[in-house]
**Q** 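Sharing a structure with you now.
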2 protein chains.
Amino acid sequence: METSELRKAGLKATLPRLKILEILQANKDDHLSAEDVYRLLLEEDEDVGLATIYRVLAQFEDAGLVVRRHFEEGHALFELAEIGPHDHIVCLGCGKVEEFSDENLVNRLGEIAKELGYEMHNHTLVLYGQCSDDNCPRRAKSRPV
Amino acid sequence: METSELRKAGLKATLPRLKILEILQANKDDHLSAEDVYRLLLEEDEDVGLATIYRVLAQFEDAGLVVRRHFEEGHALFELAEIGPHDHIVCLGCGKVEEFSDENLVNRLGEIAKELGYEMHNHTLVLYGQCSDDNCPRRAKSRPV
DNA sequence: ATAGCTGCAAAACCTTTGCAATCAA
DNA sequence: TTGATTGCAAAGGTTTTGCAGCTAT
């Protein structure tokens with residue numbers, strides 16, 4: 001039950017919070033903006049204010065339930081915090097996205113951070129390349145390094 | 001002469017554009033927001049509108065002269081486009097951004113891509129952590145890994 | 001001369017906040 | 001009951017845009 005997840009985070013199990021959690025779980029492969037969550041809730045006839053969504057997402061972030069990302073766009077995207085692989089490789093030819101994880105690599109990143117005088121909390125890594133699928137159109141835009 | 005850089009990009013060599021280029025070059029180790037550029041220009045008694053700065057930075061971006069980045073904060077940061085890849089580390093406490101590069105790491109990324117069946121062309125990597133500056137407010141939201 | 005550029009002010013966005021009403025425990 | 005939570009509306013901060021005047025070529 002999600003109720004206990006919320007309790008564990010020190011949050012009362014209110015309807016808006018449960019609904020927002022549901023939306024995130026139902027879309028766990030996507031990155032949702034606050035607006036996205038708002039729209040998805042409206043589609044289910046759940047009437048939750050946008051301000052509440054921002055507040056709840058911030059609380060979830062503090063509780064470690066979700067991660068807030070800033071990509072190229074001018075707004076934040078949220079996704080459920082996951083255990084497990086969370087780096088991405090994107091094919092410049094066919095656009096497919098795969099996930100991977102490499103513990104050694106992550107350890108190395110932590111070392112690099114330490115050398116720079118930081119305690120690493122997190123990272124984002126995306127590799128861009130050309131896959132070797134036979135049916136990949138190979139429209140890669142940049143040259144290999 | 002910077003004038004020719006601008007001409008090559010199809011932009012008239014106006015005073016605001018030259019001044020903005022100068023500011024970027026004089027601060028090439030930093031990541032500047034539009035406000036930062038605005039403030040730095042005011043300090044030199046150069047009266048350039050903020051709207052112009054946004055417009056010029058967007059034009060520079062289109063021309064490939066600068067790169068726009070979105071880190072944790074709610075605004076964009078700009079830097080001169082550089083030769084060669086470089087990665088970033090962001091302090092979750094005070095928001096400062098530093099650059100680093102590690103050739104071994106990049107080689108390792110290439111290997112990982114190859115293992116996954118890709119030929120790597122490019123990558124983006126951002127480490128998030130807590131710096132050890134005495135005056136860092138340490139508002140980091142997530143836990144160390 | 002003229003197409004392009006600038007500054008200003010207003011608008012458009014995304015996000016946060018104050019407050020009175022409501023709700024979970 | 002009581003402190004936490006919500007919705008609304010208003011405010012905050014960043015970025016874009018319309019337009020009249022100015023500038024580089």
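Throughout, protein chains are lettered first and strands after them, A, B, ... in sequence-line order, and every chain is numbered starting at 1.
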**Q** Give a yes or no on whether A/Q25 atom CD has more than 12 heavy-atom contacts from other residues, nucleotides or ligands under 6.0 Å away.
**A**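 Yes, CD of A/Q25 has more than 12 neighbouring heavy atoms, counting only those of other groups under 6.0 Å.
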
**Q** Verify the contact: side-chain N or O of B/T52 to OP1 or OP2 of C/dC5, cut-off strictly under 4.0 Å; return yes or no.
**A** no

**Q** What is the distance, to the nearest angstrom, from the CZ atom on B/F71 to the C1' atom on D/dT14?
**A**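 In whole Å, D/dT14 C1' lies 17 Å from B/F71 CZ.
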
**Q** Specify the separation, in whole Å, of atom CZ of A/R69 and atom P of C/dC14.
**A** 21 Å

**Q** Less than 3.5 Å between a donor and an acceptor, one on the side chain of B/R7 and one on the base of C/dG4, is that the case here?
**A** no

**Q** Which comes earlier along DNA chain D counting from the 5' end, the contact point of B/R68 or that of B/T3, where each point is its nearest nucleotide?
**A** B/R68

**Q** Which of these nucleotides, C/dA25, C/dA3, D/dG7, is closest to any side-chain atom of B/K12?
**A**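 Selected nucleotide (nearest to the side chain): C/dA3.
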
**Q** Please report, rounded to the nearest Å, how far the C1' atom of C/dG7 is from the CZ atom of B/R17.
**A** 14 Å

**Q** Scan residues 57-67 of chain B against DNA chain C and write down, sorted by residue number, each residue with any heavy atom closer than 4.0 Å; if none is found, say none.
**A** none

**Q** With the threshold set at 4.0 Å, does a side-chain nitrogen-carboxylate oxygen contact exist between B/R7 and B/E5?
**A** no

**Q** Could you check how far CZ of A/R39 sits from C1' of C/dC14, rounded to whole Å?
**A**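 A/R39 atom CZ is separated from C/dC14 atom C1' by 16 Å.
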
**Q** Please state whether the phosphate of D/dT15, meaning OP1 or OP2, lies under 4.0 angstrom from any side-chain nitrogen or oxygen of B/Y54.
**A**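 For D/dT15, OP1 or OP2 has a side-chain N or O of B/Y54 closer than 4.0 Å.
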
**Q** How do A/E35 and B/T14 order along DNA chain C: which one's closest nucleotide is nearer the 5' end?
**A**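 This one resolves to B/T14.
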
**Q** For the side chain of A/R55 and the base of D/dG7, is some donor closer than 3.5 Å to an acceptor across the two?
**A** yes

**Q** In whole Å, I'd like the distance from the CG atom of A/L6 to the P atom of D/dT5.
**A** 10 Å

**Q** Between B/E111 and B/R108, is there a side-chain N and carboxylate O pair less than 4.0 Å apart?
**A**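 Salt bridge present between B/E111 and B/R108.
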
**Q** Mind calculating the distance between CG (B/L18) and P (C/dT6) to the nearest angstrom?
**A**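 Those two atoms, CG and P, are 10 Å apart.
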
**Q** May I ask you to decide whether A/R39 forms a salt bridge with A/E35, counting only side-chain N to carboxylate O separations under 4.0 Å?
**A**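 Here A/R39 does not pair with A/E35 in a salt bridge, since their nearest N and O are not under 4.0 Å apart.
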
**Q** Taking the minimum atom-to-atom distance to the side chain of A/A51, which one of D/dT6, D/dT15, D/dC8 wins?
**A**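 It is D/dC8.
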
**Q** Can you confirm if the aromatic rings of B/H31 and B/F78 lie within a centre distance of less than 6.0 Å?
**A** no

**Q** Any ion pair linking A/R69 and A/E79 (charged N to carboxylate O, less than 4.0 Å)?
**A**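 Yes.
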
**Q** Measure CG/B/L15 against P/C/dT6 and give the value in whole Å, please.
**A** 9 Å

**Q** Examine A/H123 together with A/H86 and report whether their ring centres are nearer than 6.0 Å.
**A**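 No, ring centres 6.0 Å or more apart.
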
**Q** Which comes earlier along DNA chain D counting from the 5' end, the contact point of B/S33 or that of B/L11, where each point is its nearest nucleotide?
**A**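 The answer here is B/S33.
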
**Q** Roughly, in whole Å, what's the span from NE2 in A/H75 to P in D/dT15?
**A**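 One finds 14 Å between P of D/dT15 and NE2 of A/H75, rounded.
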
